[in-house]
Amino acid sequence: MKANICTILPVVGVLLLATNAMAATRDENAKDVIKGEEVAVLADAPDVPPAIKRDHATKVIVHLEVRELEGRLADGVRYTFWTFGGKVPGKFMRIREGDLVEFHLDNHPDNKMPHNIDLHAVNGPGGGAASSLTAPGHSSVFSFKALNPGLYVYHCATAPVAMHVANGMYGLILVEPKKGLPKVDHEYYVMQGDFYTKGANGEQGLQPFSMSKAIDEKPEYVVFNGSVGSLSGDHALTAKVGETVRIFVGNGGPNLTSSFHVIGQIFDTVYQEGNMSSPVHDVQTTMIPAGGAAIVEFKMSVPGTFLLVDHSLTRAFNRGALAQLKVSGPENKLVYSGKISDEVYHPEGTGIRVTDQHAEPAPAAQNKAERIKLGETVFKTNCMACHQQNGQGVPHAFPPLAKSDFLNADKLRAIKVITGGLEGKVVVNGQEYDGVMPAWDLPDEDIANVMSYIYGNWGNSGKDVTVDEVKAHRVKAE
Ligand SMILES: [Cu+2]
């Protein structure tokens with residue numbers, strides 16, 4: 001049929017009406033009267049806080065504490081996780097559409113890095129990140145009104161953002177619709193993430209983060225809930241035949257899209273991309289983008305062990321994106337007649353190991369311009385986390401490198417500071433800092449390049465730093 005103006009106009013009209021209806025809900029939620037206040041109940045994965053029973057909007061006080069902690073990534077593999085609340089993923093938050101959230105972000109004094117939070121449930125600059133950059137030993141407060149119902153990701157958005165997220169800084173916040181969610185027998189919290197370690201998959205010991213693998217989007221691990229095997233064996237999710245299960249599934253990324261699937265189950269209902277207004281039914285695999293979420297619901301018809309996977313299958317069977325749901329109860333031969341084996345799980349993959357790929361050493365810089373160019377990467381990989389993207393630093397915690405009188409006064413002292421570290425009181429541009437800067441055991445070339453980059457930018461003196469100068473004046477590592 002040929003579409004003419006008469007058939008198109010009503011369609012446009014209906015679309016406009018729908019959009020206006022949504023905007024109206026949002027405006028109403030903005031006006032909801034806040035009655036009373038309460039402290040949010042937060043939960044560690046795979047648990048979820050209880051459903052909300054209130055029939056009115058309230059002020060919800062959330063305290064979320066950032067911890068940088070060493071933990072298990074896989075058997076024999078340790079990693080320094082950066083967390084919202086001590087675990088990966090971060091604490092699950094549950095509020096109601098229309099609520100006013102008073103958010104406290106506490107950065108534990110033992111931490112080394114500044115952090116902030118971007119909640120996708122927020123209507124405001126940076127999703128809160130613009131108001132929550134917090135130095136170790138400090139606490140930031142901001143508030144927001146939950147205007148849109150849905151399941152939302154939150155994450156750290158401090159530069160380098162991908163590094164903070166790759167280290168585990170993500171979680172979920174559920175903004176329950178006013179009418180609530182249908183009752184189910186079990187609610188679980190599962191979140192996928194990709195991890196980039198210096199060593200290859202399975203390489204033992206404490207593994208540092210690899211920025212270059214992250215940039216290439218080549219993770220060594222893709223896992224649910226922060227480690228290989230976090231939801232298997234004794235930690236498997238459980239249910240009984242006849243029960244319904246709801247899983248709040250998030251994807252922290254930072255990079256990969258998840259093709260979320262439960263082997264041997266069909267999702268009766270999926271709230272795609274975490275939206276509450278138009279669930280779909282009878283779904284096999286649902287796509288969950290990095291920085292996105294979905295709610296899946298299904299009823300257990302038969303017993304057995306069901307595997308949760310990212311259906312990009314090498315991620316599941318070789319990188320770790322595998323979890324178990326153990327269902328107990330009577331067989332139903334009508335629904336499924338076969339014999340189900342319970343022991344098909346290989347939590348550590350097939351044993352295939354990718355050999356470490358040693359990159360060709362980059363060609364050395366020949367002049368100041370080349371040093372400045374190569375120094376940018378060194379800065380972004382090693383220094384930006386504390387001194388920030390444009391060298392502006394973080395008040396009271398990390399001194400500025402931009403227009404720093406301390407830096408510009410003495411080049412040889414700066415070489416010593418960077419190669420040997422700095423501790424105790426230091427005054428930069430009239431402000432006192434009393435923190436610890438680690439010693440950088442980087443090659444002479446990297447030090448020369450990063451210093452030339454810093455001197456050559458942000459209103460600094462433009463001094464050139466050569467490899468020979470670094471060699472002569474550096475503090476040697478023991
Ligand atoms: Cu962070």
Side-chain angles (χ1 to χ4, degrees), residues 45 68-83 87-90 113 153 155-156 160-171 190-233 235 249-261 288-291 307-324 345-362 377 380-382 385:
E68 299 165 6
L69 301 164
E70 196 189 307
R72 176 189 172 280
L73 178 55
D75 283 345
V77 183
R78 313 282 299 167
Y79 193 81
T80 303
F81 295 98
W82 298 351
T83 72
K87 290 230 167 89
V88 179
M113 300 290 166
V153 167
H155 62 90
C156 184
V161 181
M163 176 181 179
H164 283 249
V165 172
N167 284 344
M169 300 199 79
Y170 44 77
V190 175
M191 201 156 180
Q192 184 170 324
D194 21 306
F195 284 86
Y196 303 84
T197 52
K198 274 252 159 67
N201 182 282
E203 206 166 301
Q204 304 283 287
L206 181 63
Q207 291 293 328
F209 167 70
S210 165
M211 190 68 179
S212 58
K213 285 181 188 173
I215 290 169
D216 291 346
E217 303 187 15
K218 289 198 170 137
E220 294 294 343
Y221 299 88
V222 183
V223 300
F224 294 123
N225 290 2
S227 65
V228 177
S230 64
L231 295 171
S232 57
H235 304 290
V249 195
N251 185 6
N255 293 320
L256 303 186
T257 296
S258 176
S259 303
F260 187 72
H261 176 78
I288 308 180
L307 299 180
L308 285 58
V309 296
D310 178 338
H311 214 294
S312 291
L313 287 172
T314 52
R315 296 177 191 169
F317 294 103
N318 304 81
R319 289 286 182 252
L322 202 54
Q324 292 177 320
Y345 186 59
H346 303 292
E348 300 295 352
T350 57
I352 295 172
R353 299 282 178 257
V354 177
T355 45
D356 206 1
Q357 308 204 332
H358 294 283
E360 295 267 316
T377 310
K380 288 193 167 152
T381 311
N382 301 294

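When reading the values below, keep in mind they use all heavy atoms of this one structure, side chains included, and skip hydrogens, waters and symmetry mates. These figures come from a predicted structure and were not determined experimentally.
The backbone N or O of Val228 sits less than 3.5 Å from a side-chain atom of Arg72, completing a donor-acceptor pair. Distance alone, capped at 3.5 Å, places no donor-acceptor pair between the Glu217 side chain and the Leu256 backbone. Although no hydrogens or angles enter the test, the distance criterion places a donor-acceptor pair under 3.5 Å between the side chain of Gln204 and the main chain of Gly202. A donor-acceptor contact shorter than 3.5 Å links the side chain of Asn201 to the backbone of Glu220. Side chain of Asn251 to main chain of Gly291: no donor-acceptor pair is present (N/O by atom type, distance under 3.5 Å, no hydrogens or angles). Using a distance-only test at 3.5 Å, with no hydrogens or angles considered, a donor-acceptor pair links the side chain of Ser210 to the main chain of Lys213.
The nearest pair of heavy atoms linking Leu73 to Gly226 is CD1-O, 3.8 Å. The nearest pair of heavy atoms linking Ser230 to Phe224 is OG-O, 2.7 Å. Cys156 approaches Val161 most closely through the heavy-atom pair O-CG1, 3.7 Å. Across every non-hydrogen atom of Gln324 and Gly233, the tightest pair is OE1-N, 2.7 Å. Between Ala385 and Pro160, the shortest heavy-atom contact is CA-CD, 3.6 Å. Minimum heavy-atom separation, Gly253 to Val165: C-CG1, 4.4 Å.
Here the straight-line distance linking atom CE of Met169 with atom CE of Met113 works out to 11.0 Å at 0.5 Å rounding. Rounding to the nearest 0.5 angstrom, the gap separating the CG atom in Leu308 from the OG atom in Ser232 is 11.0 Å. Atom CD1 of Ile288 and atom CD of Gln192 lie 7.5 Å apart (nearest 0.5 Å). Rounding to the nearest 0.5 angstrom, the gap separating the CG atom in Leu206 from the OG1 atom in Thr80 is 4.5 Å. To the nearest 0.5 Å, atoms CG (Asp310) and NE2 (His261) are separated by 11.0 Å. The CG atom of Asn255 sits 9.5 Å away from atom CD1 of Ile215, with the distance rounded to the nearest 0.5 Å.
A ring-ring contact (aromatic ring centres under 6.0 Å, His included) with His164 is found for one member of Tyr170, Phe209, Trp82 and no other, namely Trp82. Of the options Asp194, Val223, Val222, a side-chain contact (heavy atoms from CB on, under 4.5 Å) to Arg319 is made by Val222 and by none of the others.
For His155, the ring-ring contact (aromatic ring centres under 6.0 Å, His included) partners are His120, not counting sequence neighbours. Qualifying side-chain contact (heavy atoms from CB on, under 4.5 Å) partners for Asn382, counting only residues two or more places apart in sequence or in other chains: Val378, Trp440, Leu442.
Side-chain contact of Tyr79 with Asn167: a donor-acceptor pair under 3.5 Å is present, judged by distance alone.
Looking only at side-chain heavy atoms (C-beta outward), Met191 and Asn225 come within less than 4.5 Å of each other.
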